[in-house]
Amino acid sequence: MPAFEHLLSPLLVGSLALPNRIVMGAMHTRLESLDRPHERLAAFYAARARGETGLLLSGGHAPVPEGAMDEAAPVLDREEQVAAHRAIVDAVAQAGGRIALQILHAGRYARVPGCVAPSAGRARINSFEPRVLTLDEVRSTIRSHAHTAALAKKAGYVGVEVMGSEGYLINEFTSGVTNRREDEYGGSLEARLRFPLEIVRAVRAAVGPGFLLIYRISAIDLMPGGMTPEETATLARGIEAAGADLINTGIGWHESLVPTIAAAVPRAAWIDAVRHVKQSVAIPVMASNRINTPEVAEAILQSGAADLVSMARPLLADPDFARKLRLQRSDEINTCIACNQACLDAIFSERAASCLVNPRAGREIDFSDSRAARTLKLAVVGGGPAGMAFAVNAAERGHRVTLFEAQTQLGGQLEMARRIPGKSEFNETLRYHRTMLQRLGVEVHLGRRVDAEELAAGGFDEVVLATGAVPRRPEIPGITHPKVLGYEDVLARGAAVGQRVAIIGAGGIGFDVALFLLGDALDSTEVERFRRTWGVDAALQGAGGLAPAASRTPWREVHLLQRKPGTPGKTLGRTTGWILKALLRQAQLQMPAGVRYEAIDDEGLHLVDADGQRQCLAVDHVIVCAGQVEDRALHDALVARGMSVHLIGGAERAAELDAVRAIDQAARLAERIGG
Ligand code: NAP
Ligand code: SF4
């Protein structure tokens, strides 16, 4: 019996034959905002088609300009736009794949002036006030969905997905919270469901039979007063009767206060809500959200909770996910770690998406993926994210690579990060790199701190220094006191930490250390704890799927300090920082800003607070998380010997060091080196 037999089994959906159950979910990439947008989009989707993804869904296309996510987001409402879509569809078809277009009307989430909604009221996450749709406009919006579907068919797409989840326009009609209309589209459940059902009927009428029609339903709203499971089941049955071939599931609204896709959410956390939809209809149902490994996906299908799995970010991370499965090389999958750093955080900062673990994502045309013109003998010093990524990418281009790591294991900063609650997905990044280094024949020397002399004697054509950064030690009187620890003492060396703690520095690492220290009380990596922490109704009974969150008694007193004024945490990820801060607030973390450190002694940490008052925090330990400085000890010595040296990652620039930049630099250097 082949491994992953459910995932790899074909399925007939409507009249479309899919070779496997792996679907790339729709994702807004903002690639339209880069140069050569159509070429980029075509290359992006073609790569995922070549990777044998069963079905691709495009990013959301608005049926009318006022429904676009933002002013750069795509709209498909005119005949003359069809030709550009053909290029994408053809590229996918030539790569052996099939693509459907998602129709998304963003409603009151549209970050455009003149955005619209069923009823008055601005969304918490949007600064634009929506205009209420008139009855005529409701009807014309239904027709515009059908028109876009017809244009999609003309462009050669195999189907369309109608986006009815995540809090966009259709959700705003289905929920009594946002729909207070008094005409035939508001009031009773039947009236609130009229809008989506008429859209599905209109789309079916416009495209005829035999064209794939997917509806993405909100399996659980995670909004106070949101739809109940019975109402969701009624909607699902209505959608089926209206002519949909497949129901995809979405989780939560974007403005919900429960995380739905970040790494803090356990894998497959929402499967009960998906199963509930599946049990309501006879047509196939697709699961989504926090499904990132083939094991998790296979278990979902095997359990009967869904018929297909939708993975968007995991296919950014590895376009060859499905192909590697078929070839029984699943250990070579570069797994999405649900960090959101290079994808959603980028999109919400109005940049184009890529991927932390795969910088080629969305940048396919910038990489040739060819063998190097000259095969070089390369030394890589440092086995953190930058060093490992460079070694893998360079070896893939045919170079002979030797990697030296001073520690006895690979990983660098990742080795510490993986211990933070909610960051265990970094284990997958380590597994991927270890596997690839071995398969590609990279010579790895662990526990070897090489010097310039050794490197010079090694006959290397070029040396890549990825030695990372060393923690900054601030000049505070008493900094050498035994109660002072570095973050690496705590995270990497397992130093015992007392009950009362002060953390110097509220950057990404300071927050991570705070979570690590409060983690026993907060551990949210397992579904039951996650539900209790965030107030998700385990029985899926209540409106919106919510229940009161559990209260907690923190077992440590932690102070996270920063010198600059203002709210700490400004540098955290756009889409994940709020989760971290909410968890830490639950644990009663103290976060004083604007402090001045005076001294550390037996009594604790002496400081002057933002009001100019002197005080002493009577703590057992002071943990220093004050950023890093570059570790370039080797660089100058190698240059003095006339060697060709490249600096990447933290060794190149420690400030704002992050894995996105480190891995991107590594991949781009590997693309250039040796021609
Ligand atoms: P960081 O983000 O630069 O933060 C360093 C902190 O130390 C700052 O809050 C700074 O605040 C303080 N500091 C700097 N010099 C100091 C000094 N001489 N004395 C006392 N305090 C000092 O660095 P990091 O926390 O080490 O993180 C490194 C990188 O990893 C960052 O780019 C970060 O974004 C990334 N990272 C992100 C996450 C995440 O988003 N969850 C997690 C881990 C790491 P004041 O100067 O105001 O005191
Ligand atoms: Fe996944 Fe992070 Fe890549 Fe986004 S940036 S696709 S969350 S690994």
Side-chain angles (χ1 to χ4, degrees), residues 24-25 27 29 261-265 290 292 311-319 334-347 353-362 385 413-414 416-417 420 422-423 425-426 428-429 432 468-476 479 486-488 491 502-516 560-581 584 591-597 605 607 622-629 649-650 653-664:
M24 178 166 183
M27 187 169 181
T29 57
I261 59 167
V265 181
R290 281 301 277 132
N292 64 334
M311 292 186 276
R313 295 173 303 163
L315 285 152
L316 275 192
D318 197 332
N334 196 2
T335 304
C336 166
I337 57 172
C339 64
N340 289 356
Q341 277 180 250
C343 55
L344 297 184
D345 286 350
I347 292 165
S354 187
C355 172
L356 180 146
V357 300
N358 174 25
R360 286 176 166 75
Q413 300 278 325
L414 298 189
M416 285 188 268
I420 309 294
K423 289 201 170 179
E425 293 289 3
F426 276 118
E428 300 292 347
T429 310
Y432 166 76
V470 288
R472 178 182 289 122
R473 207 70 173 159
E475 289 177 13
I476 302 169
I479 193 75
Y487 64 83
E488 68 291 8
L491 299 178
I503 299 173
I504 289 183
I509 292 182
F511 269 93
D512 274 359
V513 168
L515 193 59
F516 179 81
L560 180 61
L561 309 159
Q562 74 174 25
R563 297 174 303 176
K564 59 177 108 36
T567 318
K570 292 218 168 97
T571 59
L572 299 175
R574 287 284 287 258
T575 61
T576 53
W578 69 273
I579 302 171
L580 198 53
K581 285 191 265 185
L584 290 168
M591 287 192 263
V595 304
R596 184 156 52 80
Y597 309 112
L605 174 62
L607 54 83
V622 175
I623 303 175
V624 178
C625 303
Q628 290 91 16
V629 289
R653 184 157 61 94
E656 288 154 36
L657 152 75
D658 73 32
V660 177
R661 179 159 58 86
I663 295 177
D664 185 70

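We number each residue from 1, following the sequence as shown. Order of appearance sets the numbers: ligands from 1, and atoms from 1 within every ligand.
Here atom 27 (O) of ligand 1 lies nearest to I509 when heavy atoms of I476, I509, V595, L515 are compared. Nearest to atom 40 (O) of ligand 1 by heavy atom, out of V624, I503, L572, is L572. Counting only non-hydrogen atoms, the option in Q341, R563, R473, Q413 that gets closest to atom 17 (C) of ligand 1 is R563. For the residues R596, R661, K570, K564, the heavy atom positioned nearest atom 47 (O) of ligand 1 is part of K564. Across the listed options G507, C339, A263, G569, G507 owns the non-hydrogen atom lying nearest to atom 4 (O) of ligand 1. Considering G508, A417, A654, A469 only, the shortest heavy-atom separation from atom 36 (N) of ligand 1 involves G508.
Summarising the geometry of N334 relative to A317, their closest heavy-atom pair is O-CB, 3.5 Å, with the distance given to 0.1 Å. Closest approach of P319 and N358 over heavy atoms only: CD-ND2, 3.8 Å. Nearest approach of Y487 to C625, heavy atoms of both residues: CB-SG, 3.8 Å. Of all non-hydrogen atoms in R290 and A338, the two that sit nearest each other are NH1-CB, 3.6 Å.
For ligand 1 and A506, the ligand atoms under 4.0 Å from any heavy atom of the residue are 9 (O). The Q628 neighbourhood of ligand 1 comprises atoms 26 (O), 28 (C), with distances under 4.0 Å to a heavy atom of that residue. Interface atoms of ligand 1 facing G627, defined by a heavy-atom separation under 4.0 Å, are 5 (C), 7 (O), 23 (O), 26 (O). In the vicinity of K423, heavy-atom distances shorter than 4.0 Å reach the ligand 1 atoms 41 (N), 42 (C). Contact atoms of ligand 1 toward R472: 14 (C), 15 (N), 18 (N) (distance under 4.0 Å to a heavy atom of the residue). Close approach to P474 involves these atoms of ligand 1, each under 4.0 Å from a residue heavy atom: 17 (C), 18 (N), 19 (N). Those atoms of ligand 1 with a heavy atom of C625 less than 4.0 angstrom away are 5 (C), 6 (C), 7 (O). Proximity to Y597 (heavy-atom distance under 4.0 Å) selects the following atoms of ligand 1: 20 (C).
Between I479 and P474, some side-chain heavy-atom pair lies under the 4.5 Å cut-off. Between L344 and M27 there is a side-chain heavy-atom pair separated by less than 4.5 Å. By the 4.5 Å heavy-atom criterion applied to side chains, I476 and I504 are counted as neighbours. Contact check for R313 versus N292: no side-chain heavy atoms found under the 4.5 Å cut-off. In this structure, M416 and F516 have side chains that are not in contact, with every pair of non-hydrogen atoms separated by 4.5 Å or more. The shortest side-chain heavy-atom distance between L584 and L515 falls under the 4.5 Å cut-off. With a 4.5 Å cut-off on side-chain heavy atoms, E428 and V357 do not count as touching.
By the side-chain hydrogen bond (donor to acceptor under 3.5 Å, both in side chains) test, D512 is found to be paired with K423, residues two or more places apart in sequence or in another chain being considered.
Around atom 4 (Fe) of ligand 2, the protein N, O or S atoms found under 2.8 Å comprise C343 SG.
For ligand 1, the polar-atom distance check finds no N/O of I504 at less than 3.5 Å from any of the ligand's N/O atoms. When only interatomic distances are considered, the shortest N/O to N/O separation between Q562 and ligand 1 does not fall below 3.5 Å.
The part of D512 lying near ligand 1 is the side chain, judged by heavy-atom distances below 4.0 Å. Neither the backbone nor the side chain of E475 has a heavy atom within less than 4.0 Å of ligand 1.
For N340 and T575, the side-chain atoms include at least one donor-acceptor pair closer than 3.5 Å.
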